[in-house]
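Right, one structure below, let's go through it.
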Amino acid sequence: MRLEGKTALITGGRQGIGRGIVDAFLSEGARVTSCGRGPRPEGLPEACHWEQADVSDPAQASALASACPSLDILVNNAGVQVEKTVVDSTDADWEAVIGVNCRGVFNMCRALIPHMATQGVIINIGSISGRHADPSMALYNASKAFVHGLTRSIAVDHGPDIRCNAICPGWINTGMLDAGFDLANDPAAARRDAITRHPVRRFGEAADVAAVAVFLASDEAAFANGQMFTVDGGMTAASPLNPGLF
Amino acid sequence: MRLSGKIALVTGGRGGIGRAICDRFMREGATVYAADLSEGGSLAAPGGASRFVQLDVADEDTVKGVMQQVSDEAGHLDILVNAAGIEIEKTIEDTTLEEWNRSFAVNVTGTFLTSKHALPLMRTAAGQGQSASLINFGSYDGFIADPGLAAYCATKGAVHALTRAMACDHGPEGIRVNAICPGYIDTPMLQSFFEGDGSGGGGKTIDQLQQAVRDVHPMRTYGTPDDIANLVTWLASDEARYASGQLWVLDGGLSAQVQQMKL
């Protein structure tokens, strides 16, 4: 088991990618705590400890840090998305997206880094959308670019003690992805079109992202620091032209 | 005029993009050597100082000969634009070794040879108080792949890395090195791509194909050779005196997108 004896805190482990990382870390032998704004989710594995906390609130982030002394691995996964252009985005949208995706990651890193074990690991969930724009996802795209920049900064500033990397998932089968397709005129056709844009001809699963997280958290990745690791089935390696056009 | 008194050499100077660069350079006051395999048209040089020179960028002897001519006539070279390039529209399985080698010979070795033999002349130009400017042609395909263009994508990735390496090595000598990375530009090469073997598979007419390509661009059009010439002119000019080692993507926003899904 590759994370035997390590302690890990994974924010936003209720569902989707976060839940996939919780499951993978448990099966690799880590002692896992997760957190979210709600009470303990039904179906969360018994072995996973749950803290009810909102990472966008600095006080609650500090309380989480106290609950996780000498932490080995912090995974900043909690995130929200709002599907709007800049012009359509409200102040409340800004608070929601920037509050969780940017301030939440900042709060957690600031609270946890001084108390982490030596050789600590931080893994942030960035996005391919932080490098290239998804349409009508302006605040989300920008928030993920912030995560990438913060990842590099932490890697540089806290280098000897902490390794910090980001994972940039592509289109992963989660409720967030379903919400995107539900906006399409023809969700089924949109799904088919999207899949043909993936050289591997499928969307990702939470386990695909979790597999990268396990590697980055493990000592195998001891020299990986300050980088963005894209896991998207090859989608962003291809030009955005319509599949089958040529 | 922004390139007044400058000596420039443009490889691929009679091709779609190269021709626009030569015309623009001349209007901006440069003396232009338009280098290409064949003349393919009159250069119509105002003042008569500019000329066509026959050049195969993959052949070191002709490269040396052309640089000797520039040396004899002008004594230095302020601007080198490596615009010569070819495109093989195939996957790697369909690409013959000969096609692969020819792609690298023109796109990569050609850039190497003309740069190598132009550098002494550019060093002379830079020694006269101005920076010299070397401009390579990369491509947005050096970052993200179009289907069925494997060798081309690989050569452009090589040009990107070579650009950064040359900028590091020759910056201290006053030579700026940048690459332009065009997206879809309306040239004979693009029309050949539309008409190529790959386009038949979708059963689309060339008009439909062109419209579909326009539609996927945030600007809803593809570019013109003049769009490229505008940026090349700026990079060649002294306004760009602090620009070096960069890859300048000019693609109407195409590669800023993740993917343009049909929603």
Side-chain angles (χ1 to χ4, degrees), chain A residues 81 83 85 126-138 140-142 144-145 168-172 177-201 203-204 230-246, chain B residues 87 89-91 139-150 152-154 156-157 181-184 190-219 222 249 251-263:
Chain A
Q81 90 184 25
E83 292 103 12
T85 65
S127 174
I128 56 168
S129 313
R131 306 178 127 167
H132 305 276
D134 268 318
S136 293
M137 295 269 278
Y140 180 82
N141 294 339
K144 290 303 184 176
C168 305
W171 291 48
I172 309 297
L177 185 64
D178 294 336
F181 282 121
D182 288 345
L183 298 175
N185 295 325
D186 181 347
R191 264 177 192 280
R192 278 196 302 277
D193 178 70
I195 285 173
T196 60
R197 292 167 192 274
H198 289 70
V200 298
R201 294 291 182 269
F203 297 131
T230 296
V231 52
D232 71 349
M235 181 172 68
T236 57
S239 115
L241 287 159
N242 299 340
L245 204 58
F246 299 113
Chain B
E87 178 176 283
E89 288 130 23
K90 295 182 177 178
T91 67
S139 171
Y140 95 112
D141 276 316
F143 298 106
I144 54 180
D146 271 313
L149 272 179
Y152 182 77
C153 292
K156 293 305 183 177
C181 308
Y184 279 68
L190 180 63
Q191 295 312 319
S192 148
F193 179 61
F194 285 141
E195 291 158 10
D197 293 341
S199 63
K204 294 186 174 68
T205 66
I206 290 185
D207 284 349
Q208 288 171 326
L209 205 52
Q210 289 174 333
Q211 191 55 48
V213 169
R214 286 189 192 98
D215 286 345
V216 84
H217 285 74
M219 300 304 295
Y222 37 80
V249 177
D251 70 351
L254 179 65
S255 62
Q257 309 167 97
V258 171
Q259 289 276 333
Q260 197 190 50
M261 304 292 179
K262 282 182 201 150
L263 295 175

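In what follows, every chain begins at residue 1, and chains take the letters A, B, ... in the order their sequences are listed.
- Interatomic distance, CG of A:L241 versus NE2 of B:H217, reported as 6.5 Å (0.5 Å rounding).
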Quiz item: For B:I144 and A:T236, what are the C-alpha separation, side-chain angles and deciding distance, and is it a side chain to side chain contact (heavy atoms under 4.5 Å, CB included)?
Solution: CA-CA 7 Å; B:I144 54 180; A:T236 57; 5.8 Å; no
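- The contact between A:A238 and chain B is made by backbone and side chain atoms together, counting heavy-atom distances below 4.5 Å.
- When all heavy atoms of A:H132 and B:S255 are compared, the pair lying nearest together is ND1-O, 2.9 Å.
- Listed here is the closest heavy atom pair of B:V258 and A:S129: CG2-CA, 4.3 Å.
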